[in-house]
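Quick notes on the structure that follows.
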Amino acid sequence: MFLSVFDLFKIGIGPSSSHTMGPMTAARRFLDEVAGDDWPRPAGAKVDRIAASLHGSLAYTGIGHGSDRAVVLGLAGQTPQTVDPDQADSIVDRIAAEKRISPPGHPSYRFDPATDLVLDRKTPLSGHANGMAFSAYDADDRLLLKRIYYSIGGGFVVSEEELQRMKAKGSVTSEGKKVPYPFKNAVEMLSMAAKSGLSIADMKRVNEETQMSREELDAGLDGIWSAMKSCIERGLSQDGIMPGGLKVRRRARQLHDKLQEQWRQNRPNPLLANDWLSIYAMAVNEENAAGGRVVTAPTNGAAGTLPAVLRYWLHFHPEADQPSIRDFLLTAAAVGGVIKTNASISGAEVGCQGEVGSASAMAAAGLCAVMGGTPEQVENAAEIALEHHLGMTCDPVGGLVQVPCIERNALGAVKAVTAASLAIKGDGVHFVPLDAAIETMRQTGLDMNEKYKETSLGGLAVNIVEC
C-alpha cells in the first residue's frame, strides 16, 4: 500500500478538507467528465444545465463548512490548490447573480445555486456519510449524465465505482504503486525498519523517490512546511470575529502578544512550551475557520496540531534544521498512511478521534523521530497520542469548524509533545500496539452514533445556545 506524503498533506483552503476541499474537487471532476468522451450521449445532445445535491453529513453541516460555496467554486473551474481565498466570494456572488457558470474550456451552462444546488438531509447515499450527486441536462431538461462522488476525508474524493472497488479490497484508500517498503500496518513498518536498518523517515523517502526525484521530493516537503508556516504567521497577525454567525473572536494574536511581552520581561512561565503550542495551533485553525489557505494534516479540521508541534520543534530545540523538518513530515505521513489505510481520518466516519486523534499521533511520531527516537519509540509515541483521543466525538457547534475544533487542535498538540517525550524516555517496549489503537478507533467509529459524527446533531452542538 502506498499513500504519498503529498496525498496526506494537501495545500488548499478552509474550513474543511472533507466538506470544502472534497466538494470543490468533486465538482471540478464532474466538469472534466462532462467535457470528456467517456459517457454515452444522444446524437447532437449538448449539456445546457448543471445541478448538484449534497447528502448525509455534507447536507447537515454544509452551510457551516462552506460545502455549497465549494461546489459553486468547483463548477466555476476552481480547485482547492489554486483558488484565491480573497476572490472566492466575488466568484460565488457573480454566479448567483448571473445564474450561469462559465468554466474555462467549457461553454456557459445554466446553474442557479438557489435551485440547482440542494442540501438533501432526507436521502443519504449508501456509500459514505459524505455523498454528492452531480447531474447534467440538455436544453429540454433531459438528464444526460449523473455521477455520484464521496468525500472520504482529508480532501480525498472517489466515485461510486471507485469506492466499491476499494471496499472490495478491504480498504477505503488508493492501492497505490509498488514500492520497496510497502508496509500497510505498524507491525510491518517496524519489521521492515529492523530488516533494512532504516528509519521510518528513510523508508518513506525511498518509497516516495520511486515516484519522483530526491530534489522534487525535498522541494515538495519544503513547500508543505512553507505553507504551514505562512498559515501560522497569518493567523498570528489577524484578529476580529470569525465568519459563520457564532461571533467567535480570534484569540491567537492577542495571546501571542501577551506571550511576547512575558518573553521580553523575562518572567518565569513553567507552561511556556504548552502556551506556544496552543497559540500556534489556534492560529492555524482560526485561519482555517475563516476560509484561509491551510494544509490538510491530515484534515483541515485537524490542520493546526502538526504544524504547531513542528513549529515547537524549531522554537525550542536548537538542533532543529531543514533536513529534520523533512524527516518530521515523512515520519508523520508514514503513520498517517497506516491510520488511513486501516481506519479513517474522516470525522464523518469515526468522529474527531480520526481527525485530531490522527493528527496528534502523526505529530508525536514526527517529533519523536527528529528527537532521535528509534522506530519502536516512534511507534510508541504515535500509539500514546492516538490512545488518548479514542472515543472523541465530532460535534461542531453550528456546523462550524470553530467550537470545539480550534482549542481541540491546541490540546492535540500538547498531547503529541507529551507522548513523544514519554516514548523517547522509554525503550520502545509498551503494552498497547499502535495497530491495536488504530483498530479500536475503527471499531469505536462504527459503534458511534451518527449524531456524533460531524452532523452537529449531538454533543456540544446541541448543548450550546447560539447567541
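Values in this document were obtained by computation on a predicted structure and should not be read as measured data.
Between the side chain of D120 and the main chain of H55, no donor-acceptor pair closer than 3.5 Å is present. Put simply, the side chain of T296 gets close to the backbone of L8: a donor and an acceptor are under 3.5 Å apart. For the pair S360 (side chain) and G412 (backbone), a donor-acceptor distance under 3.5 Å is present. Between the side chain of N285 and the main chain of G301, a donor-acceptor pair closer than 3.5 Å is present. Between the S199 side chain and the D202 main chain, a donor and an acceptor come within less than 3.5 Å of each other. Judged by distance alone, with hydrogens and angles left aside, the side-chain atoms of S358 form no donor-acceptor pair with the main-chain N or O of I345 at under 3.5 Å. A donor-acceptor contact shorter than 3.5 Å links the side chain of N409 to the backbone of T305. Between the S421 side chain and the V417 main chain, no donor and acceptor come within less than 3.5 Å of each other. Side chain of D435 to backbone of V187: a donor-acceptor contact under 3.5 angstrom is found. Using modelled atom types, one side-chain atom of T20 and one backbone atom of H65 make a donor-acceptor pair closer than 3.5 Å.
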- Message: Applying side-chain contact (heavy atoms from CB on, under 4.5 Å) to I152 and S346, what does each step give before you reach the verdict?
- Response: CA-CA 6 Å; I152 60 174; S346 168; 6.0 Å; no
Quiz prompt | Verdict with supporting geometry, R408 and M392, side-chain contact (heavy atoms from CB on, under 4.5 Å) | solution = CA-CA 10 Å; R408 191 168 279 178; M392 184 177 286; 3.2 Å; yes
Practice item. Just do the side-chain contact (heavy atoms from CB on, under 4.5 Å) check on E355 and C405 with the steps written out, would you? Key: CA-CA 10 Å; E355 296 208 24; C405 317; over 6 Å; no
> side-chain contact (heavy atoms from CB on, under 4.5 Å) between I91 and V72: does it pass, once the steps are laid out?
Replying inline: CA-CA 9 Å; I91 295 172; V72 175; 5.7 Å; no
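For the atom pair CD1 of I325 and CG of D222, the computed distance is 7.5 Å after rounding to the nearest 0.5 Å. Here the CG atom belonging to L411 is positioned 6.5 Å from the OG atom belonging to S278, to the nearest 0.5 angstrom. Separation of atoms CG (L217) and CG (L221) is listed at 4.5 Å; rounding is to 0.5 Å. Taken to the nearest 0.5 Å, the CE atom of M21 stands 13.0 Å off from the OG atom of S67. Between atom CE of residue M24 and atom CD of residue Q78 there is a gap of 7.5 Å, rounded to the nearest 0.5 Å. Atom CZ of R234 sits about 4.0 Å away from atom CD of Q238, to the nearest 0.5 Å.
Of all heavy-atom pairs spanning Q353 and H389, the tightest one is CB-O, 3.3 Å. The minimum heavy-atom distance linking S456 with P396 is given by the pair OG-O, 2.6 Å. Shortest non-hydrogen contact noted between L198 and P375 is O-CG, 4.3 Å. In terms of heavy atoms, D395 sits closest to G459 at OD2-CA, 3.6 Å. Counting all heavy atoms, side chain and backbone alike, P104 lies closest to G77 at CD-CA, 4.3 Å. Closest heavy-atom contact between F9 and A333: CE1-CB, 4.0 Å.
Annotation: side chain of E454 is not in contact with side chain of Y60 (no heavy-atom distance under 4.5 Å). Under the 4.5 Å side-chain criterion, counting only non-hydrogen atoms from C-beta, W225 is in contact with L314. Two residues are said to be in side-chain contact when any heavy atoms from C-beta on lie closer than 4.5 Å; C231 and V295 fail this criterion. Residues P23 and M132 form a side-chain contact, since some pair of their non-hydrogen atoms from C-beta on lies under 4.5 Å apart. The side-chain heavy atoms of I406 and E286, taken from C-beta on, include a pair separated by under 4.5 Å. Taking the side chain as every heavy atom from C-beta outward, I224 and F6 approach each other to under 4.5 Å. Side-chain contact between S4 and Q211: absent, with no pair of heavy atoms (C-beta onward) separated by less than 4.5 Å. With contacts defined as side-chain heavy-atom distances shorter than 4.5 Å, the pair N380/E383 qualifies.
At most 12 heavy atoms of other shown residues, nucleotides or ligands fall within 6.0 angstrom of atom CD in E407.
Checked against M282 for a side chain to side chain contact (heavy atoms under 4.5 Å, CB included), the options R251, E287, R250 give a single hit: R251. With H430 as reference, E379 is the one residue of E379, E387, Q377 to meet the side chain to side chain donor-acceptor pair (under 3.5 Å) rule.
Side-chain contact of N300 with S16: a donor-acceptor pair under 3.5 Å is absent, judged by distance alone. With 3.5 Å as the limit, one finds no donor-acceptor pair spanning the side chains of Q164 and E160. For D321 and S324, the side-chain atoms include at least one donor-acceptor pair closer than 3.5 Å.
Seen from the ring of F156, K10 counts as a face-on cation partner, given the 6.0 Å and 45° thresholds.
The aromatic rings of F30 and Y149 sit perpendicular, their planes meeting at an angle over 60°, well past the 30° parallel limit.
At a threshold of 4.0 Å, the pair D218-R205 counts as salt-bridged, since one of the basic side-chain nitrogens sits closer than that to a carboxylate oxygen. Classification of R442 and E439 as a salt-bridged pair holds, one side-chain N sitting under 4.0 Å from a carboxylate O. In summary, K204 and E208 engage in a salt bridge, as defined by a charged side-chain N under 4.0 Å from a carboxylate O.
Between H256 and Y280, the distance separating the two ring centers is not shorter than 6.0 angstrom.
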